[in-house]
Visitor: 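Dropping a structure here in structure tokens format, bear with me for questions.
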Amino acid sequence: MVRIAKVSKIYRAGNEQVRALDDVSLEVNAGEFAAVQGPSGCGKTTLLLMAGGLLQPDAGSVEVDGEDIYAMSLERRAQFRARKIGFVFQQFHLIPYLSVRDNVLAPTLALPISGAAERVEELLGRFNLTSRAAHTPGELSTGERQRVALARAMLHEPRMILADEPTGNLDEHNAAIVLGALAGFAEDGGTVLLVTHDRMAAGEAGRLVRLDAGKLADDGGSSHRDQQVAG
Amino acid sequence: MNVLRLSLQEIAHRKLSFGLGLLSVMIAVGVLVGAVTMLGGHDLRTEQLVAQKEAETREEMTRMEDDYRRIMKDMGYNVLILHKDQSLEELQRLNYPTHYMPEDWAQQLADQNVETLNHLLPLLQEMVSWPEMKREVLLTGVRGQIPFADSPKNRRPPIMQPVEQGEIKLGADLAQSLDVAEGDTVTMRGRNLLVREVYARRGTQDDLTAWVSLRQAQEWMNRPGQINGILALECLCNVEELGSIEYHVTRILPDAQVYEFSSLIAARGLARQRAAEAHEKAIEQEMYYRASLREERRAFAGILVPVSALGAAAWVMFLMMANVRERRAEIGVLRAIGVSARRVQSAFLLKALLMGVFGGIVGLVVGSVAGAWLSEVPPGSEGFTSLLNARLLVGALVGAPLLAALASWLPARAAARQDPALVLQEE
Ligand SMILES: Nc1ncnc2c1ncn2[C@@H]1O[C@H](COP(=O)(O)OP(=O)(O)OP(=O)(O)O)[C@@H](O)[C@H]1O
Ligand SMILES: [Mg+2]
């Protein structure tokens, strides 16, 4: 689970200041799949990076699994990410010269992962990538690339997956695969924080969070679907 | 997955950039190794050249010494007693005397028992035609040595045997050009002569001389009872005392003169000394030329080596900077995944090290071969292996990766310090 408490972030570029996050608090528990929505530039990515220990807040704190991650040194935080957090990005950020299999194995560069060799085959199988294992990302379709990125985010069995517009470049079919996998991860007790513009993606989440101009506008605490069911 | 595997895959993916880096390292190492090898080869070649020149000099000196010794032996402090009207200039020009004297002058000398004289050998020598062979030949008539009157000198074995009637003895070159050997029979002026002996080569005009009996020579030259020289062999005196021989001889034979070879000997000695000096000078000049060539080469290398090393370092740094830029997203995602900054840095340094190692190896080989060629001690030739010194080998194999790693230090550090958040926001 992740507990974001009263975080603020101001970007400074020369004389200009951008208040990207303003006193935001958010808690997402284990087993919860939360989607963050909001207009472009409202601070979604900023919030996600902060939750993942990649962006130090100007104020406030972030706890992941009960640990204050910004109290850690830079290297300890990196190790923490390597153990507990998985990232999925809109642009996938696969390593272009590594095969699919090696891309999925990339987290072992950070920490040795026991059973990684078997786990990679299992994930390739699960995401229907076994026949592409020796290919490089350039040879894959967009949907396949995102599945590789997803497999990579799951190799080390993280406690939390942070996904920034993972379906932004995908068609409905592929988007459904990705969202299904994230939902499955949450069902298995993981924490998912998904940033998306996409209504369908938001629909998969168990909980919707709206962000507007750096402020938490609406934390419904329950998803669209639940509301629809309720209404 | 490990950093080495990552780096190798990245290298395989961006071969050109790696190849260009490798090339620059190779050039730098090649220039250094080439320069050192070339200078080493230069020194070796100089040594070889000087040694060769010295050997040549020594050989020539030995040959001249041999000549000298042979002359000394042939003449053995020998003197030639001639008619006093004999022009020495003509003697030297024709190689035989042209004034004649009675044969019994030799006997008169022998009868007087001059202390310093040994082995008196009357001879008649002339250039004669040999119609059967269609050539001219230096013909020498000899009769063996004149016994001294009642003297222990007679008990010494004669040093020159007379030639018997009906026989002939030939110098080595003459025999060879006539294609005759000992035991053959030759015809000379209508007379058959047995070749009794062919002398071994002496390196003097003897090699072209034919010896017959004095009687035969007198008959053919139409000089009955005449000779044109008396060789006095193995005189018991020093070269400086030849004057005393002349004194004794002319006391007995007032119309004679003594031709001594001392001036000839001195000339030979002088020639030998001159030759030695010339050789020494040649070696000196060669050394001087080689030294200035070496200095030129050293100065050139002194500029080229640091320039190419700096050039390679700058080039590697530039390539690494470009590589870091190119891999911004990759670095960002690796950092997000939790790969430590130090490991990211090590990936770039490892790549630089690989560049250095392989560039160093290729440069070492290319430089050694090129340097050896330039110094004219090509691979496979004598001494080439001595140019390959272990220190240089180790230096190149350690220095090149070190240089590449140092040049890549700042780019690699920049990569490690890159903020992953910035890259990941650029969507
Ligand atoms: N490094 C930065 N320097 C300056 N301003 C920044 C920086 N990163 C983000 N911003 C600004 O902060 C605000 C929030 O950015 P953020 O990337 O979090 O928005 P977002 O909600 O993810 O937008 P989008 O939906 O377009 O991805 C934006 O106005 C953005 O321009
Ligand atoms: Mg964003």
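Naming: A, B, ... by sequence-line order, numbering from 1 per chain.
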Visitor: Is the ring pair A:F89/A:H93 parallel, tilted or perpendicular, if the boundaries are 30 and 60 degrees?
Guide: perpendicular
Visitor: Between B:Q9, B:R342, B:R327, which residue shows the highest count of heavy-atom pairs closer than 4.5 Å to chain A?
Guide: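 So the answer, after comparing B:Q9, B:R342, B:R327, is B:Q9.
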Visitor: Please flag which part of B:R14 lies under 4.5 Å from any non-hydrogen atom of chain A: side chain, backbone, both or neither.
Guide: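 For B:R14, the contact with chain A is made by the side chain alone.
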Visitor: Is there a donor-acceptor pair under 3.5 Å between the side chain of A:Q146 and the backbone N or O of A:F92?
Guide: no
Visitor: If contact means a heavy atom pair closer than 4.5 Å, which residues of residues 395-407 of chain B contact chain A?
Guide: none
Visitor: At a 4.5 Å cut-off on heavy atoms, which part of B:L334 comes close to chain A: side chain, backbone, both, or neither?
Guide: side chain
Visitor: So, does B:N2 use its side chain to make a donor-acceptor pair with the main chain of B:R5 at under 3.5 Å?
Guide: yes
Visitor: Where do A:R83 and A:L111 come nearest, in terms of heavy atoms and distance?
Guide: CG-CD1, 3.3 Å
Visitor: Under 3.5 Å, is there a donor-acceptor pair linking the side chains of B:N323 and B:E10?
Guide: yes
Visitor: Where does A:I85 contact chain B at under 4.5 Å (heavy atoms): side chain, backbone, both or neither?
Guide: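 Contact with chain B: none, neither part.
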Visitor: So that I can tick it off, tell me whether A:D23 and A:K215 are bridged by a salt bridge, with the cut-off set at under 4.0 angstrom between side-chain N and carboxylate O.
Guide: no
Visitor: Excluding sequence neighbours, so at least two apart, what forms side-chain hydrogen bond (donor to acceptor under 3.5 Å, both in side chains) with B:S368?
Guide: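 Listed in chain order: nothing, the list is empty.
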Visitor: Would you say CZ of B:F300 has more than 12 non-hydrogen atoms from neighbouring residues, nucleotides or ligands within 6.0 angstrom?
Guide: no
Visitor: Between A:R119 and A:M154 (side chain of the first, backbone of the second, donor and acceptor by atom type, cut-off under 3.5 Å), is there such a pair?
Guide: yes
Visitor: What part of B:V333 is in contact with chain A, defined as an atom under 4.5 angstrom from a non-hydrogen atom: side chain, backbone, both or neither?
Guide: side chain
Visitor: Look at B:P420, B:G338, B:S340 and state which one has the largest set of heavy-atom pairs under 4.5 Å with chain A.
Guide: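 Maximum pair count with chain A is reached by B:G338.
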Visitor: Go through the atoms of A:L49 and report whether side chain, backbone, both or neither lie under 4.5 Å from a heavy atom of chain B.
Guide: side chain
